[in-house]
Number of protein chains: 2
Amino acid sequence: MPTTLVGATVEGKPTFITIAHVGIMDLGSVSLGMNKIHYTNAGIKENGTFSVNIPSIEMVKETDYCGLVSAKNVDKGELFEVFYGELKTAPMIAECPINMECRLIQTVDFPRHDIFVGEIVETYCDESCLSDGVVDFSKVQPILFVMNDKSYWKLGERLARAWHVGKGLRKS
Amino acid sequence: MPTTLVGATVEGKPTFITIAHVGIMDLGSVSLGMNKIHYTNAGIKENGTFSVNIPSIEMVKETDYCGLVSAKNVDKGELFEVFYGELKTAPMIAECPINMECRLIQTVDFPRHDIFVGEIVETYCDESCLSDGVVDFSKVQPILFVMNDKSYWKLGERLARAWHVGKGLRKS
């Protein structure tokens with residue numbers, strides 16, 4: 001799964017938490033599976049907003065760090081250049097090539113996790129990560145997460161076109 | 001996101017649909033964002049079961065094909081060697097290195113999508129894809145999906161250890 005930095009405002013200040021248990025719901029909505037122990041959850045519930053920031057591999061240390069320490073003890077807003085968009089309580093990270101600001105539309109309650117479902121209000125992408133006006137993930141260089149071996153991985157090469165490479169299997 | 005083949009029983013027969021809009025809820029549950037037009041949705045609702053199969057890059061044509069054609073017209077069960085586990089209505093694909101059989105625990109209703117949330121009842125992995133008893137994704141060779149450019153991508157190299165590489169940023 002892609003590793004993300006989720007931003008929220010807690011007690012009036014921006015904070016970020018590393019989350020790779022993400023999901024896509026429909027084309028305009030994402031989900032976050034967030035353990036209830038996280039400090040950030042309260043801010044998402046209070047404001048009904050959050051951001052999803054996609055760091056590149058150059059940011060792997062900062063990304064990991066945000067999952068190692070709690071914002072109860074450390075001011076994680078100081079780590080990054082923070083900006084805001086339409087939603088005034090969804091802090092985003094300028095150093096991340098992709099940012100999405102989201103409005104909370106539903107919370108699915110799990111025993112130990114809050115599943116926050118958010119509608120994407122706006123998406124931002126560094127121009128340097130576009131090719132022909134479309135996000136180019138070979139330029140974004142996202143950090144992929146594998147829980148089994150507790151490791152971050154790089155994205156590899158483009159393999160094939162979707163809705164295309166399988167056409168040859170169609171029976172006449 | 002990882003590209004998966006979702007299996008279900010519809011009208012008494014196994015069928016499969018290509019889904020990359022997946023998510024992780026908590027450590028034991030996954031979600032599927034499935035457009036309501038898909039034939040497979042009815043089987044998931046009727047039986048309360050489904051499977052999530054992770055194909056490897058060698059299966060990219062078959063994987064794409066399952067997203068190109070509807071099971072209304074084509075018997076997709078014939079494409080693969082199908083097996084069953086504990087749940088008798090969650091068909092799994094022997095050729096896929098990883099299979100999960102899931103019990104539907106919740107459906108989140110979106111305007112054009114059913115978000116099926118399933119509890120994983122059992123996971124299967126080809127022994128050839130294990131290293132020291134743990135799933136090794138460099139052996140699984142999953143097919144990653146990028147919607148922006150409608151393409152499948154390979155997984156790249158291992159980058160760093162999670163909950164570790166950022167430790168150096170901790171202040172004393």
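What's counted below: heavy atoms across the whole structure, side chains too, no hydrogens, waters or symmetry copies. So that the names make sense, note that chain A is the first sequence line, chain B the second, and so on, each numbered from 1.
Taking the charged nitrogens against the carboxylate oxygens, A:K13 and A:D75 do have a contact shorter than 4.0 Å, which makes a salt bridge.
A:S29 touches chain B through its side chain: at least one heavy atom from C-beta onward sits under 4.5 Å away, while N, CA, C and O do not. Interface residue B:V146: only side-chain heavy atoms are found under 4.5 Å from chain A. Both the backbone and the side chain of A:E62 come within contact range of chain B, with heavy atoms under 4.5 Å apart. For B:V69, the part lying near chain A is the side chain, with the backbone staying farther off; criterion is any non-hydrogen pair under 4.5 Å. For A:V60, the parts lying under 4.5 angstrom from a heavy atom of chain B are both the backbone and the side chain. For a residue to count as touching a neighbouring chain, one of its non-hydrogen atoms must lie under 4.5 Å from one of that chain's; by this rule B:H21 touches chain A with backbone and side chain alike. For A:L155, the parts lying under 4.5 angstrom from a heavy atom of chain B are both the backbone and the side chain. For B:D132, no part sits under 4.5 Å from any heavy atom of chain A, backbone or side chain.
Contact count against chain A (heavy-atom pairs under 4.5 Å) is highest for B:Y152 among B:F145, B:Y152, B:F137. Contact count against chain B (heavy-atom pairs under 4.5 Å) is highest for A:I24 among A:I24, A:V74, A:L144, A:V22. Most heavy-atom pairs under 4.5 Å with chain A, from the set B:R161, B:M34, B:R158, B:K150: that is B:R158.
Using a 4.5 Å cut-off on side-chain heavy atoms (C-beta onward), A:I98 and A:C125 make contact.
Summarising the geometry of A:V135 relative to A:L130, their closest heavy-atom pair is N-CD2, 3.7 Å, with the distance given to 0.1 Å. Nearest heavy atom pair, residue B:K36 against residue B:D114, reads CE-OD1, 3.4 Å. Nearest heavy atom pair, residue B:A71 against residue B:Y39, reads CB-CD2, 3.3 Å.
Exactly one of B:S131, B:S56, B:S128 qualifies for a side-chain hydrogen bond (donor to acceptor under 3.5 Å, both in side chains) with B:K139. That residue is B:S131.
Between B:F50 and B:F116, the ring planes are tilted. Angles from 30° to 60° get that label.
Cluster partners of B:F110, by chain and number: A:M25, A:I105, A:V108, A:F110, A:I115, A:V117, B:M25, B:I105, B:V108, B:I115, B:V117. The rule joins Ile, Leu, Val, Met, Phe, Trp and Tyr whenever side-chain heavy atoms lie under 4.5 Å apart.
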